[in-house]
Amino acid sequence: MDRTISLFSAEATGPGLPDLAGLLCCQGQITGFGRTAARLSVLVEESWRARVLARECRSRGADAQVGVAECGSPQVRTSFRVDLLGLADRWLRPGHTGPAEDDSGKAVPGGFRLSGAMLRMWALAAGRPEPGGYLLGVDPLAPEMHEELLAVLAPLGVQARLLGPRAEQPAVRISGRRRLAGLLELIGEPPAGAEAAWPELPPVGERRERAPGEPRRGEPAGSQYLLEAVG
């Protein structure tokens, strides 16, 4: 079936190194080495994610290796590279060279624009479907980033909300058939091995979740907020 590809879609342009910023939207970490190089790493829950992410990193010119971290989780890690210094400069807060025990050192860069390709990397590292919706994990070591990530999703037309502190893991939730279809258009088809982590469209006619701030049917339309952090 023919479909229109959005200008923001991961399929609209070829893969590039800037796409790796999507890993920093979730639990990915960037570590600087003086002013000479930086390394990107990400812990994931399943081994298949590590293998797929390493392949995606290599397709973007960043050689990445799969290993096991000290905590026992699968890990993808690049070498220290000069061409990753830009990511470190933009994403690390002043005075930080990388993650500490309880602080990632990250902040969403001013003026940051999320692309479909970055969103694709985010989904590969920390996305998971749930009944009627889709979750994008966010970094528990960077709680101050969570609401800012909602704001960078908005220009892509991704209406989302932040799960509250009682959730098992912090995450952004996207729900409703139309919103999930828009998300799928942005991130493209799943690479081999990632099918289980991709969004699933609910059946046509299934009752959708009302967007935060959206009036109930029959109510007068007032000020509507596209995004809402709850919890």
Side-chain angles (χ1 to χ4, degrees), residues 9-11 14-31 38-81 84 87 91 98-99 104 106 108 114-131 133-142 145-146 149 152-153 156 158 160 162-163 167-175 180 183-201:
S9 169
E11 300 175 14
L17 206 61
D19 303 346
L20 301 185
L23 299 178
L24 300 177
C25 292
C26 55
Q27 70 273 19
Q29 308 295 335
I30 189 81
T31 303
R39 163 183 280 168
L40 183 65
S41 62
V42 58
L43 296 177
V44 292
E45 295 182 351
E46 298 96 355
S47 296
W48 69 260
R49 290 188 191 265
R51 293 191 297 271
V52 170
L53 282 174
R55 190 167 66 237
E56 293 285 316
C57 287
R58 292 172 193 142
S59 74
R60 289 161 173 79
D63 187 43
Q65 303 301 320
V66 175
V68 178
E70 292 182 3
C71 64
S73 296
Q75 181 184 53
V76 180
R77 189 170 69 173
T78 71
S79 58
F80 280 101
R81 302 172 55 93
L84 291 178
L87 277 179
W91 283 83
S104 71
K106 296 184 303 184
V108 177
L114 187 68
S115 69
M118 295 174 188
L119 191 55
R120 177 182 178 86
M121 297 297 291
W122 188 355
L124 287 172
R128 58 190 186 277
E130 65 166 14
Y134 191 73
L135 301 179
L136 287 166
V138 291
D139 193 344
L141 298 181
M145 286 177 48
H146 297 175
L149 290 171
V152 299
L153 282 164
L156 295 180
V158 179
L162 191 64
L163 295 187
E168 183 178 348
Q169 295 178 329
V172 167
R173 186 176 192 271
I174 300 121
S175 60
L180 291 171
L183 177 63
L184 277 169
E185 181 181 349
L186 287 166
I187 64 178
E189 296 295 326
E195 294 84 359
W198 235 233
E200 299 175 354
L201 294 182

Colleague: Of the non-hydrogen atoms in A126 and R49, which two are nearest, and what is the gap between them?
Modeller: N-NH1, 3.8 Å
Colleague: Rounded to the nearest 0.5 Å, how far apart are CE of M145 and SG of C25?
Modeller: 6.0 Å
Colleague: Would you confirm whether H146, through its side chain, and D139, through its main-chain N or O, come within 3.5 Å as a donor-acceptor pair?
Modeller: yes
Colleague: Given side-chain contact (heavy atoms from CB on, under 4.5 Å), test W91 with L40 step by step and report yes or no.
Modeller: CA-CA 11 Å; W91 283 83; L40 183 65; over 6 Å; no
Colleague: Is there a side-chain contact between Q75 and S41 (heavy atoms, below 4.5 Å)?
Modeller: yes
Colleague: Taking atom types as modelled, is there a side-chain donor on E45 or Q169 under 3.5 Å from an acceptor on the other?
Modeller: yes
Colleague: Can you give me the closest heavy-atom contact between A171 and L135, atom names plus distance?
Modeller: CB-CB, 4.2 Å
Colleague: Give a yes or no answer on whether the side chain of R77 reaches the backbone of Q65 with a donor-acceptor pair at less than 3.5 Å.
Modeller: no
Colleague: To the nearest 0.5 Å, how far apart are CE in M118 and CG in L156?
Modeller: 10.0 Å
Colleague: What is the distance from atom CZ of R173 to atom OG of S175, rounded to the nearest 0.5 Å?
Modeller: 4.5 Å
Colleague: What do the steps show when you test L136 against C26 for side-chain contact (heavy atoms from CB on, under 4.5 Å), and what is the final call?
Modeller: CA-CA 8 Å; L136 287 166; C26 55; over 6 Å; no
Colleague: Output the distance between atom OH (Y134) and atom CD1 (I187), rounded to the nearest 0.5 Å.
Modeller: 5.5 Å
Colleague: Can you tell me if E200 uses its side chain to pair, donor with acceptor, with the backbone of W198 under 3.5 Å?
Modeller: no
Colleague: Within a strict 4.5 Å, meaning less than it, do heavy atoms of the T31 and P99 side chains meet?
Modeller: yes
Colleague: Sub-3.5 Å donor-acceptor pair from the side chain of R120 to the main-chain atoms of E189, do we have one?
Modeller: yes
Colleague: Nearest 0.5 Å, please: how far is CG in L162 from CG in L149?
Modeller: 9.0 Å
Colleague: When you measure from the side chain of E185 to the backbone of L183, do you find a donor-acceptor pair of N or O atoms at a distance under 3.5 Å?
Modeller: no
Colleague: At what distance, to the nearest 0.5 angstrom, does OG of S115 lie from CG of D19?
Modeller: 5.5 Å
Colleague: Evaluate the criterion side-chain contact (heavy atoms from CB on, under 4.5 Å) for residue pair V158 and V172; output intermediate values, then yes/no.
Modeller: CA-CA 11 Å; V158 179; V172 167; over 6 Å; no
Colleague: Is a donor on one side and an acceptor on the other found under 3.5 Å between the side chain of Q27 and the backbone of L43?
Modeller: yes
Colleague: Considering all heavy atoms of both residues, which atom of I30 and which atom of L84 are nearest to each other, and what is their separation?
Modeller: CD1-O, 4.2 Å
Colleague: Could you walk me through whether L23 and L124 pass the side-chain contact (heavy atoms from CB on, under 4.5 Å) test, one step at a time?
Modeller: CA-CA 9 Å; L23 299 178; L124 287 172; over 6 Å; no
Colleague: So which atom in P191 and which in R55 form the shortest heavy-atom distance, rounded to 0.1 Å?
Modeller: CB-NH2, 4.2 Å
Colleague: Does L119 reach the side chain of L153, with side-chain heavy atoms less than 4.5 Å apart?
Modeller: yes
Colleague: Looking only at heavy atoms, which two atoms of V44 and A50 are closest? And how far apart?
Modeller: CG2-N, 3.7 Å
Colleague: Under 3.5 Å, is there a donor-acceptor pair between the side chain of K106 and the main chain of A142?
Modeller: no
Colleague: If you take all heavy atoms of R58 and A64, which pair is closest and at what distance?
Modeller: NH2-O, 2.8 Å
Colleague: Any side-chain heavy atom of V66 sitting closer than 4.5 Å to one from P74?
Modeller: no
